[in-house]
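Here the structure comes first, spelled out in structure tokens, and everything after it is commentary.
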Amino acid sequence: MRFTRRSVQTAAALAVVGSLLASPAFAQDKPKIALIMKSLANEFFRTMEDGAKAHQKAHAKEYTLVANGIKNETDTAAQIKMIEQAMAQKVSAIVLAPADSKALVPVVKTAIDKGILVVNIDNQLDADALKEKNITVPFVGPDNRAGAKLVGDHLTKTLKAGDKVGIIEGVSTTFNAQQRTLGYQDAMKAANITVVGVQSGNWEIEKGNTVAAGMMREHPDLVALLAGNDSMALGAVAAVKAAGKTGKVQVVGYDNIGAIKPMLADGRVLATADQYAAKQAVFGIELAQKALAAKTPQNQLPATVKTDVVLVTKDSK
């Protein structure tokens with residue numbers, strides 16, 4: 001057999017590549033975890049993504065991370081496609097903050113059937129929908145109802161029995177939106193405050209602004225607006241200012257995003273709740289990591305892992 005210089009060089013190169021691929025540094029044994037979030041237009045989820053990336057950087061030898069999020073809060077079709085893409089990329093686990101508590105369950109079932117571990121964060125998947133598909137998905141996150149009640153209770157200290165308030169709800173098909181509304185209602189009922197209406201602001205600033213403005217027009221004696229997240233609270237603050245009611249209509253929110261902090265300081269927002277966005281993703285990722293390392297099957301994962309939620313006011317440290 002005649003060896004040319006090129007064939008010898010090619011053989012040598014292939015040998016180098018082969019040895020690299022066989023070395024531990026290039027071993028394909030690190031799990032790949034996909035973090036799939038709701039709208040990255042919302043500061044809460046950008047903070048969540050930053051926390052997850054920081055965790056992966058600190059644990060780069062342990063796993064790789066693929067992080068993605070939809071453009072707006074209601075684009076469930078895009079989120080379903082992201083899960084399908086994650087499956088195509090053969091990820092080991094998916095950590096999901098679902099845009100809809102029911103609509104995402106079928107594709108979650110498909111992922112689990114393919115042997116991918118799924119962990120649910122932020123917004124809990126619907127229990128009945130999971131039961132119908134005969135799957136269990138652990139929820140890692142706070143008690144949204146309790147968190148909202150903390151905020152509502154703080155607001156009632158500044159109100160009197162019979163006062164009228166409105167609730168700006170998140171996407172109404174999401175479990176966390178429903179739970180936060182219930183928490184607000186619990187607090188108002190306990191203080192004999194009248195809730196004149198609950199309307200969806202879709203978690204978004206602009207829609208929250210529109211809903212807040214409409215509520216104040218319909219109820220000129222409204223004294224407070226309880227927003228299901230801080231993005232909608234930002235919209236409500238702008239609506240209150242436009243109506244010339246700053247200081248007369250109070251606003252509360254939920255999430256403790258950076259943009260709300262100056263408003264807490266000057267009183268435009270009375271209170272919010274911090275559920276630690278950056279930590280939520282990390283808790284979900286760590287649960288997935290442990291399950292993968294222990295080869296724990298999906299149906300043996302814990303049903304819930306509760307995380308903290310605390311009241312935040314201008315006096316909070």
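- Distance CG/Leu117 to NZ/Lys290: 14.0 Å, rounded to 0.5 Å.
- Between the side chains of Asp163 and Thr194, no donor-acceptor pair of N or O atoms lies under 3.5 Å.
- Nearest heavy-atom pair, Ala288 versus Val95, reported as atom, atom and distance to 0.1 Å: CB-CG2, 4.5 Å.
- Between Glu49 and Leu40, some side-chain heavy-atom pair lies under the 4.5 Å cut-off.
- Judged purely by distance below 3.5 Å, without hydrogens or angles, the side chains of Gln289 and Glu62 pair a donor atom with an acceptor atom.
- A 6.0 Å sphere centred on CD of Glu84 holds more than 12 heavy atoms belonging to other residues, nucleotides or ligands.
- The number of heavy-atom neighbours closer than 6.0 Å to NZ of Lys189, taken from other residues, nucleotides and ligands shown, is 12 or below.
- For Ala99 against Asn123, the heavy-atom pair with the smallest separation is C-ND2, 4.5 Å.
- Partner of Lys38 under the side-chain hydrogen bond (donor to acceptor under 3.5 Å, both in side chains) criterion, out of Thr74, Asp75, Asp122, Thr76: Asp122 alone.
- Other residues, nucleotides and ligands place no more than 12 heavy atoms under 6.0 Å from the CG atom of Asn134.
- With a 4.5 Å cut-off on side-chain heavy atoms, Thr296 and Leu301 count as touching.
- No side-chain donor-acceptor contact under 3.5 Å links Ser172 to the backbone of Ser200.
- The shortest distance between side-chain heavy atoms of Val249 and Met216 falls below 4.5 Å.
- No option in Asn229, Asn42, Asn202, Thr174 other than Asn42 meets the side-chain hydrogen bond (donor to acceptor under 3.5 Å, both in side chains) test with Glu73.
- If you take CG on Asp50 and CZ on Phe45, they are separated by 13.5 Å, rounding to the nearest 0.5 Å.
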- Message: I'd like to know whether Phe283 forms a ring-ring contact (aromatic ring centres under 6.0 Å, His included) with His55, so could you lay out the CA-CA distance, the side-chain angles of the two residues, the decisive distance to 0.1 Å, and finally the verdict.
- Response: CA-CA 10 Å; Phe283 289 147; His55 183 270; 9.6 Å; no
- Task: Give the C-alpha distance, both sets of side-chain angles, the deciding distance and a yes or no for side chain to side chain donor-acceptor pair (under 3.5 Å) between Asn72 and Ser39.
- Result: CA-CA 5 Å; Asn72 68 66; Ser39 175; over 6 Å; no
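- One N or O on the side chain of Tyr184 and one on the backbone of Ala227 form a donor-acceptor pair closer than 3.5 Å.
- Interatomic distance, Ile167 CD1 to Met188 CE, rounded to the nearest 0.5 Å: 7.0 Å.
- The local environment of NZ in Lys306 is crowded, with over 12 non-hydrogen atoms from other residues, nucleotides or ligands closer than 6.0 Å.
- Heavy atoms only, all atoms of each residue included: Ala239 and Ala212 are closest at CB-CB, 3.8 Å.
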- Hey, mind stepping through Arg145 and Asp186 against salt bridge (Lys or Arg N to Asp or Glu O under 4.0 Å) and telling me if it holds? CA-CA 9 Å; Arg145 186 169 184 167; Asp186 291 341; 2.7 Å; yes
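- Of the options Arg180, Gln179, Gln178, a side-chain hydrogen bond (donor to acceptor under 3.5 Å, both in side chains) to Asn144 is made by Arg180 and by none of the others.
- With a 4.5 Å cut-off on side-chain heavy atoms, Val151 and Thr272 do not count as touching.
- The CG atom of Leu104 sits 5.5 Å away from the CG atom of Leu96 when rounded to the nearest 0.5 Å.
- With hydrogens and angles ignored, the 3.5 Å screen pairs no side-chain donor or acceptor of Gln250 with any backbone N or O of Val269.
- Across every non-hydrogen atom of Thr136 and Gln298, the tightest pair is O-NE2, 3.0 Å.
- Between atom NZ of residue Lys261 and atom OG of residue Ser316 there is a gap of 9.0 Å, rounded to the nearest 0.5 Å.
- The environment of NZ in Lys279 is sparse: at most 12 heavy-atom neighbours from other residues, nucleotides or ligands sit within 6.0 Å.
- Of all non-hydrogen atoms in Ala187 and Lys149, the two that sit nearest each other are CB-O, 4.0 Å.
- Hydrophobic clustering of Ile, Leu, Val, Met, Phe, Trp and Tyr side chains at less than 4.5 Å, counting indirect connections, keeps Val223 apart from Met215.
- Looking at Asp255 and Gln275, their side chains do bring a donor and an acceptor atom within 3.5 Å of each other.
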